[in-house]
Amino acid sequence: MPGLNSWWCRLLENYVYALPEPPKRTRTKPMEVLCVGMPRSATESLQHALLTLGYDHTYHGWDIVYEEPNYSEQWVRLCRKKWFGDLDGNTTITAADFDAVLGHSVAVTDAAASVFAAELIAAYPDAKVVLNYRKDLDAWHRSATTTILRSNGHWALFALSCLSRDGFWAWHVFVRFMWPGLFRALDGNIETGIARNGKWVYKEHCNMIRGLVPKDRLLEWTVEDGWEPLCKFLDKPVPDEPFPRVNSAAGWDGHETRIAKKYIGGGLRTLAVLTTVIVVAGSIFYKLTSK
């Protein structure tokens, strides 16, 4: 499709697929934990762990798709502000901007946290920062290329993004904005972006976090570390249960199926309307040309 800042893209966003504006959220509790590691670095396991430790609500990338009312459109605006800014070069995203979509959350992990890591760290200077990472970079890259990467060619979800307004924003925010931006896919193709750039982007991202966050505010953590270092860092007692392990490759399949089911109703309604319009138009055309 044309550039993401083009008139055509704006037309789609503002008119064809526009949704009612959801209410702006307000922060009632301070942001406490930012888990800014890259996707496929135990982000969902970490979300479950933080919920167990009492950090509710802990916001995860899947929430961008699932939550109601949905704020995917607002996340797209934040992506556009980050990567395009305005004509004065202003790309600053403030705590108020984040609070409007995260106001109910005291912790955040996965897509929003990694894509906006630097901005979140600046916006919430009192929050503790967890750099969740994978020890085996090659294993991480394989995981990313067998999950995130395949979104680019998932034709069922793409079809639903064309037929459903909600589906459009779910696809738009991840496949056109978040993943291409995060993986420096200048051509917009996350398949080649992750394949070519994934490993060095991962390293660069981790180094950026280390440079931005003072050591006393930062925990470098991997899922093999389990509860102890995480609980010590957050000053929480260690739960008497195994550390959660969720969202394997099979779990990703389940999420894709759930997303398809979520938007198929809207897609079928659109198909029904289009079919009716085509049938009526065809009937009128036939009557006019058969006289």
Side-chain angles (χ1 to χ4, degrees), residues 10 13-14 17-37 39 43-44 46-86 88 90-130 132 165-174 177-178 181-182 209 212-214 217-219 230 233-236 259 262-263:
R10 301 278 189 162
E13 292 178 359
N14 297 332
Y17 294 103
L19 290 170
E21 190 77 14
K24 284 188 176 181
R25 288 171 167 149
T26 56
R27 181 158 296 283
T28 57
K29 297 179 181 179
M31 179 67 76
E32 298 184 60
V33 186
L34 303 171
C35 303
V36 294
T43 59
E44 195 166 355
L46 193 50
Q47 179 200 31
H48 283 251
L50 292 173
L51 290 170
T52 300
L53 294 176
Y55 293 98
D56 53 343
H57 179 279
T58 296
Y59 195 92
H60 187 277
W62 290 118
D63 291 330
I64 295 174
V65 177
Y66 292 142
E67 68 176 348
E68 298 292 344
N70 192 266
Y71 289 80
S72 294
E73 184 174 355
Q74 287 64 41
W75 282 111
V76 166
R77 291 176 192 168
L78 292 180
C79 287
R80 179 169 275 118
K81 188 172 185 180
K82 174 182 174 71
W83 285 307
F84 294 104
D86 57 29
D88 295 325
N90 177 28
T91 59
T92 302
I93 301 176
T94 66
D97 293 325
F98 285 123
D99 287 347
V101 291
L102 289 173
H104 62 316
S105 304
V106 296
V108 58
T109 182
D110 195 61
S114 54
V115 171
F116 295 98
E119 293 80 7
L120 286 165
I121 289 167
Y124 301 109
D126 295 325
K128 293 185 176 182
V129 179
V130 177
N132 44 300
R165 290 192 298 170
D166 291 323
F168 168 84
W169 287 104
W171 179 276
H172 202 49
V173 67
F174 280 112
F177 276 92
M178 283 193 170
L182 184 61
I209 302 305
L212 287 175
V213 185
R217 188 185 162 201
L218 176 66
L219 171 69
L230 182 64
F233 179 65
L234 299 176
D235 195 25
K236 297 285 187 179
I259 292 168
K262 177 177 172 65
Y263 299 125

Tightest non-hydrogen contact, residues Ala107 and Met31, listed as N-SD, 3.7 Å
In this structure, CZ of Phe84 is separated from CZ of Arg77 (nearest 0.5 Å) by 15.5 Å
Can you tell me if Ser72 uses its side chain to pair, donor with acceptor, with the backbone of Ile64 under 3.5 Å?
-> yes
Exercise. Cation-pi between Lys236 and Tyr55: NZ/CZ under 6.0 Å from ring centre and within 45° of the ring axis?
Worked result: yes
Tell me whether Glu32 is salt-bridged to Lys128, with the criterion being a basic N under 4.0 Å from an acidic carboxylate O. no
Would you mind reporting whether Phe116 and Cys79 have side-chain heavy atoms less than 4.5 Å apart? yes
Applying side chain to side chain contact (heavy atoms under 4.5 Å, CB included) to Val76 and not counting sequence neighbours gives Glu13, Arg80, Trp169, His172, Val173, Phe177
Residues Thr43 and Gly37: closest non-hydrogen pair is CG2-O, 4.5 Å
Might you confirm whether atom CG of Asp235 has over 12 heavy atoms from other residues, nucleotides or ligands at distances under 6.0 Å? no
Note to self: If you apply the rule side-chain contact (heavy atoms from CB on, under 4.5 Å), what do you find for Gln74 with Lys24, and how did you get there?
What the structure shows: CA-CA 10 Å; Gln74 287 64 41; Lys24 284 188 176 181; over 6 Å; no
*asked:* Between Arg25 (side chain only) and Val101 (backbone N and O only), is there a donor and an acceptor less than 3.5 Å apart?
replied: yes
Please tell me if the side chains of Val36 and Val129 come closer than 4.5 Å, counting only heavy atoms from C-beta onward.
-> yes
Once the angle between the rings of Phe98 and Trp75 is folded into 0 to 90°, is it parallel (under 30°), tilted (30 to 60°) or perpendicular (over 60°)? tilted
Residue pairs passing the salt bridge (Lys or Arg N to Asp or Glu O under 4.0 Å) test with at least one member in residues 96-107, sequence neighbours excluded, are Arg27-Asp99, Lys81-Asp97
Here the gap from Asp63 atom CG to Ser105 atom OG, rounded to the nearest 0.5 Å, amounts to 7.0 Å
What one should report as the nearest heavy-atom pair of Ala100 and Tyr71 is O-CE2, 3.8 Å
Distance-only check: which donor-acceptor pairs under 3.5 Å involve side-chain atoms of residues 46-54, not counting sequence neighbours?
from: Gln47; atom 1: NE2; to: Thr58; atom 2: O; distance (Å): 3.1
from: Thr52; atom 1: OG1; to: His48; atom 2: O; distance (Å): 2.9

Value for CD (Glu73) from CG (Leu19), rounded to nearest 0.5 Å, stands at 6.0 Å
* Can you find a heavy atom in the side chain of Val130 that is under 4.5 Å from one in the side chain of Leu230? -> yes
In short, Leu182 meets Pro39 closest at the heavy-atom pair CD2-CD, 3.9 Å
Closest non-hydrogen contact found for Ala113 with Cys35 is CB-O, 3.1 Å
When rounded to the nearest 0.5 Å, the distance separating CG of Leu78 from CD of Glu119 is 9.5 Å
Interatomic distance, CZ@Phe174 vs CH2@Trp62, rounded to 0.5 Å, equals 7.0 Å
When rounded to the nearest 0.5 Å, the distance separating CG of Leu218 from CG of Leu212 is 10.0 Å
Take Thr109 and Glu44 through the side-chain contact (heavy atoms from CB on, under 4.5 Å) test and state the conclusion after the steps. CA-CA 8 Å; Thr109 182; Glu44 195 166 355; over 6 Å; no
Residues Ile93 and Lys82: closest non-hydrogen pair is CD1-CB, 4.0 Å
